Asks: 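Sharing a structure below in structure tokens format, with a few things to ask.
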Amino acid sequence: NKADEFRRAANVLYGPPPLEGCVSPLLMAASFGVELYLKSLNAAWEYHEEEGLGDAPVYRMTSRAMRQGHPLLALYD
């Protein structure tokens with residue numbers, strides 16, 4: 001009957017979250033990982049030669065944003 005359907009829907013809405021048992025620091029670390037990956041798609045890597053120990057060459061690697069701003073279509077199209 002309709003009352004039972006309403007009750008089942010209310011139980012779904014007010015019940016435990018669907019990700020119950022997930023560790024929130026793990027989810028936060030995963031979201032940061034996705035954000036850093038997306039930022040790396042817009043990065044141009046630059047290598048700077050530095051003075052090293054002995055004869056082995058040493059490079060410092062930095063990145064520069066190829067495009068500025070947050071318009072997603074322009075950044076990733």
Side-chain angles (χ1 to χ4, degrees):
N1 79 34
K2 298 292 182 190
D4 290 333
E5 290 177 22
F6 179 82
R7 187 67 193 157
R8 281 196 300 273
N11 287 342
V12 168
L13 291 175
Y14 294 110
L19 296 176
E20 184 181 14
C22 287
V23 182
S24 60
L26 176 64
L27 294 175
M28 185 179 295
S31 66
F32 284 142
V34 169
E35 180 180 354
L36 291 175
Y37 171 72
L38 290 174
K39 285 184 179 182
S40 74
L41 294 176
N42 185 39
W45 299 106
E46 298 176 345
Y47 298 92
H48 311 279
E49 193 167 358
E50 304 244 330
E51 201 169 308
L53 299 172
D55 296 334
V58 175
Y59 295 93
R60 179 173 46 97
M61 189 172 78
T62 60
S63 65
R64 173 183 50 82
M66 293 186 293
R67 294 186 183 176
Q68 300 291 326
H70 288 51
L72 294 180
L73 290 177
L75 287 174
Y76 302 113
D77 195 21

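Fair warning: this is a prediction, and the values are worked out from it, not measured in the lab.
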Asks: Once side-chain contact (heavy atoms from CB on, under 4.5 Å) is applied, do any residues pair with Asp55, and if so which ones, sequence neighbours excluded?
Replies: none
Asks: Please identify each residue that fulfils side-chain contact (heavy atoms from CB on, under 4.5 Å) with Glu50, with sequence neighbours left out.
Replies: Val58, Arg60
Asks: Minimum heavy-atom separation for Met61 and Tyr47, please, with both atom names.
Replies: SD-CE2, 3.4 Å
Asks: Output all residues satisfying side-chain contact (heavy atoms from CB on, under 4.5 Å) with Ala65, sequence neighbours left out; order by chain, then residue number.
Replies: Asn42, Gln68
Asks: Quick one: list whatever passes side-chain contact (heavy atoms from CB on, under 4.5 Å) with Ala44, sequence neighbours left out.
Replies: Arg64, Met66
Asks: How would you list, by chain and number, every residue that makes a side chain to side chain donor-acceptor pair (under 3.5 Å) with Ser40, sequence neighbours excluded?
Replies: none
